[in-house]
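Some notes on the structure that comes next.
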Amino acid sequence: MCGRFGQARKITELKQLYAAEGNIEWPGSYNIAPTELAPVIIETTSQERELKLARFGMPMTIKGKSFLLLNVQSEKAATREDFKFRRCVIPADGFYEWEKVSPKDRQPYYFSPKQGIFSFAGLWMQGRTGLCFTILTVSANELVQPIHGRMPVILGHNAVYQWLAPNSTVETLKLLVEPFPASLMQSWKVSKAVNSPSNKDIICINSL
DNA sequence: CCAGACGTTGTT
DNA sequence: GTCTGG
DNA sequence: CCAGACGTTGTT
DNA sequence: GTCTGG
């Protein structure tokens, strides 16, 4: 799954990369945790993209129990209402996965693109305290598989615009959901500094 | 995702 | 895995 | 007890 | 153990 990621670029750069508008304050973070704000890109009906801040995780209550929906399995996403009407892209420098070394010991790894930036496919909603989002997941590719069985849905450059376009059909959207090629990614072990959500520093991504 | 806190009865 | 229904 | 469902993940 | 917060 994807429960922690980093995004340390400035808003001006993100606006350029995604041809998006929007004036938001973003200090950058190498360790974005659930409930925390992150920049997301949404396409408005006017076919213009806008950067907004949204919280990681959709508050859900099901059968009396509430929890944060951090991820949605892409295999099950197409029937959701938000899949049809509230898609977003989450820019990320990289994401973290934890390897179960033993029942009590988990080793974090950092996964990042060899070039450029990751664009996670996401869904958003209006929560009580503002916008919030969830990240779609897919089966892990060969690079991630040894560490964890799932990974975020990562969109290529062209796929980003199709994903965001309000008039894309469900059939078109389904084609965009595929494991990102392992050959375009890299990974390394990182220290457990990332474990603590209060550490936002670059040391989170330093190779161990 | 991980870290950290944890509250009622009523005494091994 | 957990939860529900039979 | 098992079968089946379940808007997160999760399995030695 | 479970629950909450980041």
Side-chain angles (χ1 to χ4, degrees), chain A residues 1-8 25-40 53-88 90 92-112 118 120-141 144-154 170 173-174 177 179 187-201 203-205 208:
Chain A
M1 72 102 67
C2 182
R4 217 71 84 77
F5 65 99
Q7 206 306 103
E25 290 292 323
W26 174 244
S29 171
Y30 288 92
N31 188 5
I32 297 166
T35 73
E36 295 182 336
L37 291 171
V40 304
L53 287 178
R55 288 189 187 280
F56 182 18
M58 291 178 171
M60 309 292 312
T61 300
I62 194 162
K63 292 176 180 172
K65 296 190 174 175
S66 48
F67 57 96
L68 273 184
L69 189 68
L70 306 185
N71 300 105
V72 165
Q73 297 180 338
S74 55
E75 300 89 333
K76 300 176 181 173
T79 56
R80 298 171 57 100
E81 188 205 11
D82 50 14
F83 182 85
K84 293 169 186 151
F85 302 113
R86 297 196 305 277
R87 297 181 301 277
C88 65
I90 301 103
D93 294 324
F95 62 90
Y96 301 92
E97 298 289 358
W98 279 258
E99 177 185 32
K100 274 200 169 166
V101 179
S102 72
K104 205 59 185 167
D105 186 26
R106 313 198 86 209
Q107 172 63 51
Y109 287 72
Y110 183 64
F111 295 86
S112 56
F118 279 150
F120 296 161
L123 304 169
W124 65 274
M125 63 174 272
Q126 179 70 48
R128 296 181 71 82
T129 61
L131 295 184
C132 51
F133 68 92
T134 189
I135 299 171
L136 296 203
T137 62
V138 68
S139 283
N141 62 24
V144 181
Q145 184 64 57
I147 309 305
H148 197 83
R150 307 283 299 181
M151 62 181 280
V153 172
I154 299 167
V170 170
L173 295 169
K174 280 183 174 177
V177 174
S187 76
W188 51 79
K189 274 186 196 180
V190 294
S191 81
K192 289 178 181 171
V194 68
N195 286 15
S196 177
S198 59
N199 289 340
K200 303 307 184 192
D201 197 80
I203 60 167
C204 290
I205 72 167
L208 196 61

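What's counted below: heavy atoms across the whole structure, side chains too, no hydrogens, waters or symmetry copies. Reminder, nothing fancy here: chain letters follow the sequence lines and each chain counts from 1. This is a predicted model, so every value here is computed, not measured.
Taking a centre distance below 5.5 Å and an interplanar angle below 30 degrees as the stacking criterion, A/Phe67 stacks against the six-membered base ring of D/dT8.
Rounded to whole Å, the separation between the P atoms of C/dC3 and E/dC3 comes to 9 Å. Comparing the C1' positions of D/dT8 and B/dC2 gives an interatomic distance of 16 Å, to the nearest angstrom. A distance of about 8 Å separates the P atoms of D/dT11 and B/dC1, rounded to the whole Å. E/dG5 and B/dG7 are spaced 13 Å apart, taking the P atom of each and rounding to whole Å.
Contact check, A/Arg106 against B/dC2: a side-chain N or O comes under 4.0 Å of OP1 or OP2. For A/Asn71 and D/dT9, the shortest distance from a side-chain N or O to OP1 or OP2 is not below 4.0 Å. Within the 4.0 Å cut-off from OP1 or OP2 of D/dG7, not a single side-chain nitrogen or oxygen of A/Gln73 is found. For the pair A/Thr137 and D/dT9, the criterion of a side-chain N or O lying under 4.0 Å from OP1 or OP2 is met. Close to E/dG6, at under 4.0 Å from its OP1 or OP2, lies no side-chain N or O of A/Lys200. Distances shown here put a side-chain N or O of A/Lys100 below 4.0 Å from the OP1 or OP2 atom of D/dT11.
E/dG5 atom C1' lies 14 Å from atom CZ of A/Phe56, rounded to whole Å. Atom-to-atom, CZ of A/Phe95 to C1' of B/dC1 comes out at 13 Å; the value is rounded to the nearest Å. One interatomic measurement links the two molecules: CG of A/Asp201 to P of E/dG6, which rounds to 20 Å at whole-angstrom precision. The separation between A/Glu36 atom CD and E/dG6 atom C1' is 5 Å, rounded to whole Å. Per the geometry, CD belonging to A/Glu75 stands 17 Å off P belonging to D/dC6, to the nearest Å. What separates CD1 of A/Ile135 from P of B/dC1 is a distance of 13 Å, to the nearest Å. Computed from coordinates, the A/Tyr30 OH to E/dG6 P distance equals 24 Å when rounded to whole Å. Rounded to a whole Å, the CD atom of A/Glu99 is 15 Å from the C1' atom of D/dT12.
Checking each of A/Val72, A/Leu123, A/Leu68 against A/Met58 for a side-chain contact (heavy atoms from CB on, under 4.5 Å) leaves exactly one that passes, namely A/Leu123. Screening A/Phe120, A/Phe118, A/Tyr110, A/Tyr30 for a ring-ring contact (aromatic ring centres under 6.0 Å, His included) involving A/Phe5 leaves a single residue, A/Phe120.
Residue-environment remark: CD (A/Gln126) exceeds the threshold of 12 foreign heavy atoms within 6.0 Å.
Residue A/Thr35 has its side chain nearest to E/dG6 when only D/dT9, D/dT8, E/dG6 are considered. When distances run from any side-chain atom of A/Trp98 to the nucleotides B/dC1, D/dT8, B/dA3, the shortest one goes to B/dC1. Residue A/Met60 has its side chain nearest to D/dG7 when only B/dA3, D/dT9, D/dG7 are considered.
To the nearest 0.5 angstrom, A/Arg55 atom CZ is 10.5 Å from A/Phe133 atom CZ. The CD atom of A/Glu97 sits 8.5 Å away from the CE atom of A/Met151 when rounded to the nearest 0.5 Å. Residue A/Asn195 holds its CG atom at 9.5 Å from CZ of A/Arg106, rounded to the nearest 0.5 Å.
For B/dA5, the paired base is E/dT2 (Watson-Crick or G-U wobble, both distances below 3.5 Å).
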